[in-house]
There are 2 protein chains.
Amino acid sequence: MLKKEELPVCPVATTVDLIGNKWKLLILRELLKGTCRFNQLNRAIDGISQKVLTENLRQMENDGIVNRIVYAQVPPKVEYSLSDLGNSLRPIIDAMSDWGTNYLQENQNEKKED
Amino acid sequence: MLKKEELPVCPVATTVDLIGNKWKLLILRELLKGTCRFNQLNRAIDGISQKVLTENLRQMENDGIVNRIVYAQVPPKVEYSLSDLGNSLRPIIDAMSDWGTNYLQENQNEKKED
DNA sequence: CGGTATCCTTTTAGATACTG
DNA sequence: CAGTATCTAAAAGGATACCG
């Protein structure tokens, strides 16, 4: 039996530990649109480097959020997609998208009034 | 933090720029429960240092998410609370809380089967 | 109590070159 | 194409001392 002390007690902290950083949230945004190849992700996520993208994808794969399929062909083809667990994160990204949309609108209105 | 003019057009990226890091998400979790004094926050957020807490609170204040009220008394009393903008982030933290709750339950079940 | 200031360590990220 | 390896720069965070 698992000791309670080994589990983070707070649900928010648990989620934050798994996806609470800039790059993972942006990777999620991209993969929620559908399966993606490595370079597609690299281009779609503004400012991310190959190294950082690789590192974060590996972590998400280890955490069971992302699936990685390697096609045995030349040139190589690797497809990334969300697992069921990854897909279940959609409401979080949706909430962020909704909030951001609203925020950008307000911001736009402010600029008009200037 | 990006200046307003530099904000990416993407709503998710916008939200991520404002609150997409570990400590801000945990500060939000705490302040969504209600007004809080500095040391209360410091104790409630596991592992955060005084310095990091101060820095993040200042940024959130500058971004219009957090209100800071200083009472002119000795010993000092400073209360932090969420602005309307800050409160409007609630659905995001709620979604993270819901997901985390589920994740912890699944994790618990898995361990029982071991 | 609620901070600042300073110094130092750790973590994260960028740049570049190379490879199956 | 999809990485890895290496080195460096920058950002984040910790420890400690001090203050109104």
Side-chain angles (χ1 to χ4, degrees), chain A residues 8 13 16-31 33-63 65-82, chain B residues 1-3 6-8 13 16-31 33-63 65-82 86:
Chain A
V16 165
D17 279 336
L18 283 167
I19 57 155
N21 81 66
K22 174 177 173 173
W23 297 122
K24 283 180 186 169
L25 290 167
L26 295 178
I27 290 170
L28 271 175
R29 176 200 69 190
E30 236 24 60
L31 290 181
K33 297 177 188 169
T35 296
C36 230
R37 294 179 65 173
F38 184 84
N39 278 349
Q40 258 184 297
L41 282 173
N42 207 165
R43 280 189 299 270
I45 300 171
D46 196 51
I48 200 168
S49 69
Q50 195 176 41
K51 180 190 157 199
V52 170
L53 179 54
T54 303
E55 284 170 356
N56 280 279
L57 283 171
R58 292 288 174 280
Q59 287 170 18
M60 293 169 86
E61 203 189 339
N62 288 334
D63 290 336
I65 292 169
V66 161
N67 293 139
R68 178 171 179 263
I69 302 179
V70 182
Y71 294 88
Q73 59 182 55
V74 177
K77 175 177 170 180
V78 179
E79 279 187 349
Y80 290 93
S81 60
L82 293 179
Chain B
M1 186 71 58
L2 292 175
K3 292 175 193 166
E6 294 167 340
L7 278 177
V16 165
D17 279 336
L18 283 167
I19 57 154
N21 83 65
K22 174 176 173 173
W23 298 122
K24 283 180 186 169
L25 289 167
L26 295 178
I27 290 170
L28 272 175
R29 175 198 70 189
E30 236 24 60
L31 290 181
K33 296 177 188 169
T35 295
C36 229
R37 295 180 65 174
F38 184 85
N39 278 348
Q40 259 183 295
L41 282 173
N42 207 163
R43 282 188 299 270
I45 300 171
D46 197 51
I48 200 168
S49 69
Q50 194 175 41
K51 180 190 160 199
V52 170
L53 179 54
T54 304
E55 285 171 355
N56 280 279
L57 283 171
R58 292 289 174 278
Q59 288 171 17
M60 294 169 85
E61 204 189 339
N62 288 334
D63 291 335
I65 293 170
V66 160
N67 293 138
R68 178 171 179 264
I69 301 178
V70 182
Y71 293 87
Q73 60 183 53
V74 177
K77 175 178 171 179
V78 180
E79 279 188 349
Y80 290 93
S81 61
L82 293 178

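Naming: A, B, ... by sequence-line order, numbering from 1 per chain. What you see is a predicted model; the values in this text were computed from it and never measured.
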Base-contact (B) and sugar-phosphate-only (S) positions in nucleotides 8-20 of chain D, heavy-atom cut-off under 4.0 Å, - elsewhere: -----BBB----B
Euclidean distance, [Y] [atom2] relative to [X] [atom1], rounded to 0.5 Å:
| X | Y | atom1 | atom2 | result |
| --- | --- | --- | --- | --- |
| B/Leu25 | A/Asn21 | CG | CG | 10.0 Å |
| B/Glu30 | B/Asn42 | CD | CG | 11.0 Å |
| A/Cys36 | A/Leu57 | SG | CG | 10.0 Å |
| A/Arg29 | A/Leu41 | CZ | CG | 10.0 Å |
| B/Leu53 | B/Ile27 | CG | CD1 | 5.0 Å |

side-chain N/O A/Arg37 vs D/dA2 OP1/OP2, d < 4.0 Å: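 Affirmative; the distance criterion is met.
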Short side-chain N/O contact from A/Tyr80 to OP1 or OP2 of D/dG3, under 4.0 Å: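 Yes.
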Sidechain-backbone polar pair: A/Asn56 side chain, A/Val52 backbone, donor-acceptor under 3.5 Å: yes
Flag side-chain contact, heavy atom, 4.5 Å: B/Leu28 against B/Ile19: yes
Touch class at under 4.0 angstrom, heavy-atom based, for A/Tyr71 against every strand present: nothing
Overall bend - the helix from C/dC1-D/dG20 to C/dG20-D/dC1, comparing terminal axes fitted on five pairs, nearest 10 degrees: 60°
Separation of atom CG in A/Leu41 from atom P in D/dC1, rounded to whole Å: 14 Å
Protein-nucleotide distance (A/Gln59, atom CD; D/dG3, atom P), rounded to Å: 15 Å
Evaluation steps, side-chain contact (heavy atoms from CB on, under 4.5 Å), between B/Asp63 and B/Met60: CA-CA 5 Å; B/Asp63 291 335; B/Met60 294 169 85; 5.6 Å; no
Heavy atoms of other groups near B/Asn62 CG, more than 12 under 6.0 Å: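 Yes, CG of B/Asn62 has more than 12 neighbouring heavy atoms, counting only those of other groups under 6.0 Å.
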5' to 3' contact window, DNA chain C with chain A (heavy-atom distance under 4.0 Å):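 Contacts span C/dA13 to C/dG20, reading 5' to 3'.
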Residue among B/Arg37, B/Gln40, B/Glu61, B/Arg68 satisfying side-chain hydrogen bond (donor to acceptor under 3.5 Å, both in side chains) with B/Tyr80: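 Checked B/Arg37, B/Gln40, B/Glu61, B/Arg68 against B/Tyr80; only one passes side-chain hydrogen bond (donor to acceptor under 3.5 Å, both in side chains): B/Arg68.
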Intermediate values then yes/no, side-chain contact (heavy atoms from CB on, under 4.5 Å), A/Val66 and A/Leu31: CA-CA 9 Å; A/Val66 161; A/Leu31 290 181; 3.8 Å; yes
